[in-house]
Amino acid sequence: MRFSRRDLLKAGAVVAAVAASGACSGRSPAKPVAGGTAEASGLPKTTSRATLLRGPASNAGGYVHLVAGPGEQHVVRTELGGAPAADRRRRRRPLLSFGHLTDLHVVDAQSPARVEFVDRYNDTHPDGPFSAAYRPQEMLATQVADTMVATLRSFRRGPVLGGPLAFSISTGDAVDNCQFNELRWMIDLLDGKATLHPDSGDRTRYEGV
C-alpha cells in the first residue's frame with residue numbers, strides 16, 4: 001500500500017484533532033516546560049541548542065573538521081494563516097508529542113550489491129545518476145542510527161512544551177540495499193538489542209571499499 005506524505009499530514013491532522021478533543025473533555029493539559037526551552041527541561045542536547053558546521057580546510061586535500069555552531073531556534077510560521085497572539089507563550093498547550101526518524105540508511109557496506117566502482121564516473125558530473133554510489137560515512141551508518149535511537153529514547157517529553165512522547169514514527173529509507181540482514185539490523189536497533197555486529201563478511205578484516 002502506498003502512503004504519501006500528503007496522507008501522512010492528513011493522518012497527523014486527525015490525530016491532533018483527537019488529541020485536542022481529549023484535551024477539551026475535562027482533562028488537565030500538560031504544563032509547559034518553564035521557559036519553553038530544552039535547556040530548562042533538562043532534555044538531551046538538540047539542534048535547538050547547538051549545531052555542527054563545516055570548519056576551515058585543514059589540509060591541501062580539503063579535509064575539514066566539524067565545529068560547534070549556534071542552535072536553530074523554533075520559528076513561528078505566520079504565512080499559514082492567522083497571526084500569533086501576543087500572549088501565545090503563556091497560553092499554548094501541547095496537543096501531541098512524538099519522535100520522528102527518517103532516512104537512517106542502515107547499510108551493509110560489504111555487500112556485493114554495492115556499486116561504489118561507478119562513483120568514479122560521476123567525478124565530472126556531481127549531480128549525475130551515480131552521485132550516491134559511494135558515501136565515505138556509510139560504513140558507520142549502523143552506529144549513527146544506534147546513537148539516534150538512544151538519544152530519542154532518552155527523551156520523555158517534547159523539548160518545547162513538555163508534552164509526554166506518545167509514539168515514534170519512521171518515514172522510510174531505513175535500509176539501503178533492501179537486504180534481509182540490513183532490515184534485521186534496523187529492527188534490532190529499534191528493539192534496543194545489546195550487541196549488534198553489522199558485518200556480513202570476514203570478522204577479522206574489512207572487505208568493503
Side-chain angles (χ1 to χ4, degrees), residues 1-56 64-106 137 141 143-175 186-187 189-192:
M1 180 178 69
R2 299 186 64 182
F3 193 69
S4 69
R5 296 187 182 187
R6 185 182 299 274
D7 293 330
L8 179 62
L9 290 174
K10 291 179 180 178
V14 171
V15 173
V18 171
S21 65
C24 296
S25 63
R27 290 178 290 179
S28 299
K31 293 183 178 180
V33 174
T37 64
E39 292 88 345
S41 66
L43 291 172
K45 182 177 291 186
T46 68
T47 52
S48 65
R49 296 176 58 188
T51 54
L52 293 176
L53 304 176
R54 289 171 57 91
V64 300
H65 288 280
L66 296 177
V67 297
E72 295 179 332
Q73 298 304 309
H74 291 87
V75 177
V76 178
R77 301 290 297 273
T78 59
E79 76 278 17
L80 300 178
D87 59 345
R88 56 180 290 275
R89 286 184 176 274
R90 180 179 60 81
R91 295 191 302 108
R92 62 187 181 178
R93 295 291 184 269
L95 293 179
L96 180 68
S97 297
F98 63 93
H100 177 211
L101 297 168
T102 190
D103 291 82
L104 297 181
H105 282 278
V106 169
Q137 77 278 5
Q143 288 85 341
V144 172
D146 178 62
T147 301
M148 292 178 66
V149 171
T151 300
L152 185 57
R153 285 176 59 88
S154 68
F155 281 79
R156 292 293 181 266
R157 56 188 186 275
V160 178
L161 298 181
L165 293 188
F167 58 88
S168 294
I169 184 171
S170 177
T171 49
D173 281 353
V175 300
M186 185 70 242
I187 294 173
L189 285 171
L190 296 178
D191 283 344

Specify the closest pair of heavy atoms between [X] and [Y], including all atoms of both residues, with the distance to one decimal.
| X | Y | answer |
| --- | --- | --- |
| L104 | A145 | CD1-CB, 4.3 Å |
| P84 | V76 | CG-CG1, 3.9 Å |
| V67 | G55 | CG1-CA, 4.0 Å |
| G158 | L165 | N-CD2, 4.1 Å |

Exercise. Would a 4.5 Å heavy-atom cut-off, applied to side chains only, mark P94 and V160 as touching?
Worked result: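 They are not in contact (no side-chain heavy atoms under 4.5 Å apart), so the answer is no.
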Problem set entry | R88 atom CZ, neighbour heavy-atom count above 12 within 6.0 Å | yes
Supply the atom-to-atom distance [X] [atom1] to [Y] [atom2], rounded to the nearest 0.5 angstrom.
| X | Y | atom1 | atom2 | result |
| --- | --- | --- | --- | --- |
| L190 | M186 | CG | CE | 3.5 Å |
| S48 | H74 | OG | NE2 | 6.0 Å |
| R49 | Q73 | CZ | CD | 11.0 Å |
| R93 | R91 | CZ | CZ | 9.5 Å |
| T151 | M148 | OG1 | CE | 8.0 Å |
| L66 | T51 | CG | OG1 | 10.5 Å |

Problem set entry | Donor-acceptor contact below 3.5 Å, side chain R156 vs main chain R153 | yes
